[in-house]
There are 2 protein chains.
Amino acid sequence: MTVTIYDVAREANVSMATVSRVVNGSQNVKPSTRKKVLEVIERLEYRPNAVARGLASKKTTTVGVIIPDISNNIYAEAARGIEDIATMYRYNIILANSDQKEEKELSLLDTMLGKQVDGIVMMSDAVTPKLLQTMENSPVPIVLAGSIDESKKLPSVNIDYFQATYEAIKMLIDNGHKRIAFISGPLSYTINAKYKLEAYKKALQDAGLEVDEALIVAEDDSYDGGMEAWKELNEIENPPTAYFAGSDELAIGIIHAAQDHGIKVPEDIEVISFENSKLARMVRPQLTSVVLPLYEIGAVSMRLLTKFLNKEEVKDQNVILPYRIEKRDSVKVKSMKNK
Amino acid sequence: MTVTIYDVAREANVSMATVSRVVNGSQNVKPSTRKKVLEVIERLEYRPNAVARGLASKKTTTVGVIIPDISNNIYAEAARGIEDIATMYRYNIILANSDQKEEKELSLLDTMLGKQVDGIVMMSDAVTPKLLQTMENSPVPIVLAGSIDESKKLPSVNIDYFQATYEAIKMLIDNGHKRIAFISGPLSYTINAKYKLEAYKKALQDAGLEVDEALIVAEDDSYDGGMEAWKELNEIENPPTAYFAGSDELAIGIIHAAQDHGIKVPEDIEVISFENSKLARMVRPQLTSVVLPLYEIGAVSMRLLTKFLNKEEVKDQNVILPYRIEKRDSVKVKSMKNK
DNA sequence: TTGAAAGCGCTAACAT
DNA sequence: ATGTTAGCGCTTTCAA
């Protein structure tokens, strides 16, 4: 019932090897026989069986993608970048959500390797020792996208989270703020948040400002988390006048909570975000935000993976992408610097 | 180098068949030999090769998922629903973006079938005749998620777009509006938009209201598209006092465009949306919106697919899920009805 | 330029 | 309860 390479060979009066050659675009086929074979393929509607091919060639032209949660815009954006480049190099993608659970990440890694993927792109906010070890032992290359393995044993693509955050905090300090809050998702959760926090503290210290632990709050990385954080911070004695938010949703939550209480942004408080999703323009005031190039992180990760798959030379396996800060309306522009 | 079922068999002094049996959890294995085999598997770190298994068994336990664009929240949400249920039934997913291009959809279908997926979940806003035909000829089951094939030849999961829109427009009419705008993405593009438009017209007619083509505008289905639409509609002689938006982004664009011109929502104009993503709560005023249950559409589609894969009986292959309207602040609550 | 044949690693009868 | 064996549909030497 299903037509195989054997059927084509028989109908075309050639061997399976020849059919295989034309299907795979080998040059060593006489044009006339190629034409003949192609005709039979068309007539029989032959479709090569990739599974059989994978077994014989030990290549599946599919790569695994493990991300925390595809319904989260951050990861979806990166996934799109991964997929676009994968398509460009003729790979397909097996996509799975880990919900950032080590156990799931581990088992996903295992099933994907079982499925003989040619490589894996992994996004994980917590590259635990165990995870790292199993990834190191992987028979196929794995690249980390937007995820940091401090040992740098695995290839990765990131931006400089420390530097980016430092610059963001600096903007707030330059605008005269002394009480700057740091809001992020769960710290134990997000290794990147660790770098952000370090940068926050360093920037404060460099400016001779006190680091007040009461101003550091880790909520759910969500809109409601942002609202909660604002409320929490406005119950303390000396509330902050500026906020660094680890994501756009957090920032919008903070802004709305403030506005709901009659506080004006950026007149009364200023807010800077870290993400710059399309949401950043969909609030009033529009968000000033560190630009996290998710799509590029995904795309470059996949490109890096293809280099390993093609055995191309890789100069630096730990890529740092440039970032910038998009200045909009949630942080005032300093008039002095303007003139 | 890679350890195969044969290696395990040899080490455990049993046949390949026995190893296969314990790997696949067959009951016909003596506990003691099962234990012995399991130990060897562990010691050798044997991992079954799913590709070989797929070739031999003609089942890959992977399903294809074709969606327009994973970076679009609508589809990402649905994809999460699909993946969750797939995981529950031990399927993996090959995910690919079609960008809603027929050509890509067709070629994706082809490569996925080539990869021997066991089934496919397809999201397409335009099930063209050609597409429909190739899907009908698929050797494996295909279910349409949130996509309408008017012939009903293919299994599908949807809500009643007509009914939902009718009710939304009715709310606006009941609030006294005579000039109601209909904003959607490109009509030629979105078959669902067709139903929405029909419902819009019907609701107007049923209320004895004139259908003014000038009030029907199809922009990009985006925030900017919404802003554009508002501007366009406010250049005509008799601008609308209420808006039906085909998506949350569109609605927010409309609202912000209006607010930027000093117009108040819902005091001056009212807006109802169709989607209810998390964005709906992240604007002021919060969006009144028809709830499009994307996650459920994805989940139910995948569940439906598993029924075909398990040869379970399927009573109705065209599932219509319930919807509701979430009432928030972009539409006034009628005080008369309230009391 | 083409063909023959040996696998790839596993499942699934069929035997025993 | 366990073993034997014939494929699954293709790629890949190796020969010719």
Side-chain angles (χ1 to χ4, degrees), chain A residues 1-38 40-41 44-62 90 110-111 113-118 139-140, chain B residues 1-38 40-41 44-62 90 110-111 113-118 139-140:
Chain A
M1 15 157 305
T2 52
V3 9
T4 73
I5 199 173
Y6 177 77
D7 300 316
V8 176
R10 184 170 30 74
E11 289 290 311
N13 288 312
V14 296
S15 69
M16 287 163 53
T18 298
V19 177
S20 177
R21 286 188 188 99
V22 346
V23 167
N24 293 297
S26 160
Q27 283 316 297
N28 303 324
V29 181
K30 204 192 333 174
S32 66
T33 96
R34 175 191 308 281
K35 182 157 172 288
K36 185 173 56 177
V37 171
L38 252 15
V40 175
I41 285 179
L44 265 43
E45 296 186 340
Y46 167 66
R47 173 160 44 209
N49 181 325
V51 172
R53 185 190 305 214
L55 183 57
S57 69
K58 294 176 170 302
K59 289 198 191 95
T60 54
T61 64
T62 107
R90 330 236 96 160
D110 195 58
T111 56
L113 293 175
K115 295 229 166 173
Q116 312 302 119
V117 294
D118 294 337
V140 300
Chain B
M1 20 156 302
T2 52
V3 8
T4 72
I5 200 173
Y6 177 77
D7 300 315
V8 176
R10 184 171 28 75
E11 289 290 310
N13 289 311
V14 295
S15 70
M16 289 164 52
T18 298
V19 178
S20 177
R21 285 187 190 100
V22 347
V23 166
N24 293 297
S26 159
Q27 282 316 297
N28 304 325
V29 182
K30 205 194 329 178
S32 65
T33 96
R34 175 192 307 280
K35 183 158 171 288
K36 186 173 57 177
V37 171
L38 253 13
V40 175
I41 285 178
L44 266 42
E45 296 186 342
Y46 167 66
R47 173 161 40 213
N49 181 324
V51 172
R53 184 186 301 205
L55 183 58
S57 70
K58 296 180 171 299
K59 290 199 191 93
T60 54
T61 62
T62 107
R90 331 238 95 159
D110 195 58
T111 57
L113 293 176
K115 296 229 165 171
Q116 313 301 119
V117 295
D118 294 336
V140 300

With a cut-off of less than 4.0 Å, is there a side-chain N or O of [X] near OP1 or OP2 of [N]?
X       : N      : value
A:Thr2  : D:dG9  : yes
A:Asn24 : D:dT11 : yes
B:Ser20 : C:dC10 : no
A:Thr4  : D:dC8  : no
A:Ser15 : C:dG3  : yes
A:Thr18 : C:dG3  : yes

Please check: side-chain N/O of [X] versus main-chain N/O of [Y], any donor-acceptor pairing under 3.5 Å?
X       : Y        : answer
B:Lys58 : B:Gln116 : no
B:Arg34 : B:Ser26  : yes
B:Ser20 : B:Met16  : no

What is the distance from [atom1] of [X] to [atom2] of [N], rounded to the nearest Å?
X       : N     : atom1 : atom2 : result
B:Tyr6  : D:dT5 : OH    : P     : 13 Å
A:Lys36 : C:dT2 : NZ    : C1'   : 11 Å
B:Asp7  : C:dG9 : CG    : P     : 9 Å
B:Arg10 : D:dT2 : CZ    : P     : 20 Å
B:Ile5  : D:dT5 : CD1   : C1'   : 14 Å
A:Ile41 : D:dG9 : CD1   : C1'   : 14 Å
B:Asn13 : D:dA1 : CG    : C1'   : 16 Å
A:Asn49 : D:dG7 : CG    : C1'   : 14 Å

At less than 3.5 Å, do the side-chain atoms of B:Arg47 and the base atoms of C:dG9 form a donor-acceptor pair?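 When only heavy-atom distances are counted, B:Arg47 does not reach the base of C:dG9 through any donor-acceptor pair under 3.5 Å.
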Given that A:Met16 and A:Arg21 both sit by DNA chain C, which one's nearest nucleotide is further toward the 5' end?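 Closer to the 5' end of DNA chain C: A:Arg21.
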Could you identify which residues of residues 52-62 of chain B place a heavy atom less than 4.0 Å from some atom of DNA chain D, listed by residue number, or say none?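 Of all residues in residues 52-62 of chain B, the ones placing a heavy atom under 4.0 Å from DNA chain D are B:Leu55, B:Ala56, B:Lys58.
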Base, sugar-phosphate, or nothing: which does A:Val14 touch, judged by heavy atoms less than 4.0 Å apart?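 The residue A:Val14 makes sugar-phosphate contact but no base contact.
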Once you apply a heavy-atom cut-off of 4.0 Å, does A:Val51 come out as touching a base, just sugar-phosphate, or nothing?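 Contact class for A:Val51: none.
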Nearest 0.5 Å please: distance from the CG atom of B:Leu113 over to the OG1 atom of A:Thr2.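 It is 12.5 Å, given to the nearest 0.5 Å.
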As an exercise, state the distance from OG1 of B:Thr61 to CZ of B:Arg90, rounded to the nearest 0.5 Å. 10.5 Å
Counting only side-chain heavy atoms from C-beta out, which of C:dG3, D:dC10, C:dT1 sits nearest to A:Asn28? C:dT1
Let's see if you can work this out: which of D:dT12, C:dT2, D:dT2 has an atom nearest to the side-chain heavy atoms of A:Thr33? C:dT2
Within a strict 4.5 Å, meaning less than it, do heavy atoms of the A:Lys115 and A:Thr60 side chains meet? no
B:Arg53 versus B:Val23: any side-chain heavy-atom pair under 4.5 Å? yes
So, applying side chain to side chain contact (heavy atoms under 4.5 Å, CB included) with B:Glu11, which one of B:Val40, B:Ile41, B:Val3, B:Val19 is it?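 Passing option: B:Val40.
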